[in-house]
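Here is the structure we will look at.
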Amino acid sequence: MFQFPLFPDGGRRHILALGSHSDDIEIGCGATLLALTRTQPDVEVTWVVLGAEGVRAEEARASAAAFLQSAARFEVIVHPFRDGFFPYVGAQVKDVFEGLKARLDPDMIFTHTRHDLHQDHRLVCELTWNTWRDHLIV
């Protein structure tokens with residue numbers, strides 16, 4: 001199999017994973033994150049779940065920690081936005097994205113697909129592309 005580098009030589013390698021709900025990152029790109037963190041020991045990951053509270057927030061943190069054991073460093077951020085209501089609080093969700101952009105310059109971003117029928121997923125995808133126009137978005 002032909003292999004090509006996903007990251008430029010030298011420097012840090014940072015991945016931003018964005019999920020609307022506590023299981024979205026695992027379902028959407030969990031295997032890819034496992035492979036990247038196991039084969040690229042210097043990869044750092046910021047794992048962001050936008051809609052999880054209580055038990056679901058605890059689940060998100062525990063799952064992220066399990067998936068990211070091999071990462072050089074990781075940060076898990078969980079926000080309590082209400083499931084199914086992201087478009088109605090879009091300005092607040094956008095503020096989260098702007099805050100992330102101000103402190104992160106990821107090499108690769110994982111997000112939802114723009115054709116997803118779940119309104120929360122679509123908004124997260126749209127905001128990802130609006131916020132990081134010149135980044136590799138998967």
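Just so we're clear, the structure is a prediction, and the values are computed from it rather than from any experiment.
Here NE2 of H121 is found 8.0 Å from CZ of F86. Values are rounded to the nearest 0.5 Å. Rounded to the nearest 0.5 angstrom, D134 CG and D105 CG are separated by 7.5 Å. Separation of atoms CD (Q69) and CZ (R38) is listed at 8.0 Å; rounding is to 0.5 Å. Going from atom CD of E75 over to atom CG of L68 covers 11.5 Å, rounded to the nearest 0.5 Å. In this structure, CZ in R56 is found 8.0 Å from CG in D83, a value given to the nearest 0.5 Å. Taking OG1 of T131 as the reference point, atom CG of L100 lies at 8.5 Å (rounded to 0.5 Å).
A 4.5 Å side-chain heavy-atom check between L33 and W47 finds at least one atom pair inside the cut-off. Between E58 and V78 there is no side-chain heavy-atom pair separated by less than 4.5 Å. Between L36 and M108 the shortest side-chain heavy-atom distance falls below 4.5 Å. Within the 4.5 Å cutoff, the side chain of D116 has no heavy atoms near those of the V124 side chain. T37 has its side chain out of reach of F74: every pair of non-hydrogen atoms, C-beta onward, lies at least 4.5 Å apart. Side-chain contact between L123 and H112 is absent, with no heavy-atom pair separated by less than 4.5 Å. Side chains of D120 and P87 form a contact here, defined as non-hydrogen atoms less than 4.5 Å apart. Here the side chains of F110 and I25 are not in contact, with every heavy-atom distance at 4.5 Å or above.
Nearest heavy-atom pair across T39 and P41 is O-CD, 3.5 Å. Across all non-hydrogen atoms, the minimal contact from G84 to Q119 is O-NE2, 3.0 Å. Counting all heavy atoms, side chain and backbone alike, C125 lies closest to T111 at CA-OG1, 3.8 Å. When every heavy atom of A52 is checked against every heavy atom of S22, the shortest pair comes out as CB-CB, 4.2 Å. Here the closest heavy-atom approach between residue P106 and residue H135 is recorded as O-CD2, 2.8 Å.
The hydrophobic clustering, which links ILVMFWY residues whose side-chain heavy atoms are closer than 4.5 Å, places L104 and I15 apart. A single hydrophobic cluster is not seen to contain both V93 and F85; linkage of ILVMFWY side chains at heavy-atom distances under 4.5 Å, directly or through other members, places them apart. Both I137 and L50 are assigned to one and the same hydrophobic cluster, defined by single-linkage of ILVMFWY side chains at heavy-atom distances under 4.5 Å. Under the 4.5 Å side-chain heavy-atom criterion for Ile, Leu, Val, Met, Phe, Trp and Tyr, V49 and F67 are members of the same hydrophobic cluster. In the hydrophobic clustering of this structure, W129 groups with L18; members are Ile, Leu, Val, Met, Phe, Trp, Tyr whose side-chain heavy atoms approach within less than 4.5 Å, directly or through other members.
Judged purely by atom type and a 3.5 angstrom limit, E44 has no side-chain atom pairing as donor or acceptor with the backbone of A72. Counting only distance, with no hydrogens or angles, the side chain of R114 and the backbone of E126 share no donor-acceptor pair below 3.5 Å. The main-chain N or O of A60 is never found under 3.5 Å from a side-chain atom of S63 such that the two would form a donor-acceptor pair.
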- Task: Give the intermediate values and the outcome of side chain to side chain contact (heavy atoms under 4.5 Å, CB included) for residues L16 and W132.
- Result: CA-CA 11 Å; L16 173 61; W132 289 282; 3.5 Å; yes
- Task: Start with the C-alpha distance between V48 and H79, add both sets of side-chain angles, then the distance that settles side chain to side chain contact (heavy atoms under 4.5 Å, CB included), and finish with yes or no.
- Result: CA-CA 8 Å; V48 180; H79 293 276; 4.3 Å; yes
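In summary, R13 and D107 do not engage in a salt bridge, as defined by a charged side-chain N under 4.0 Å from a carboxylate O. In summary, K101 and E98 engage in a salt bridge, as defined by a charged side-chain N under 4.0 Å from a carboxylate O.
Between H118 and H21, the distance from one ring center to the other falls under 6.0 angstrom.
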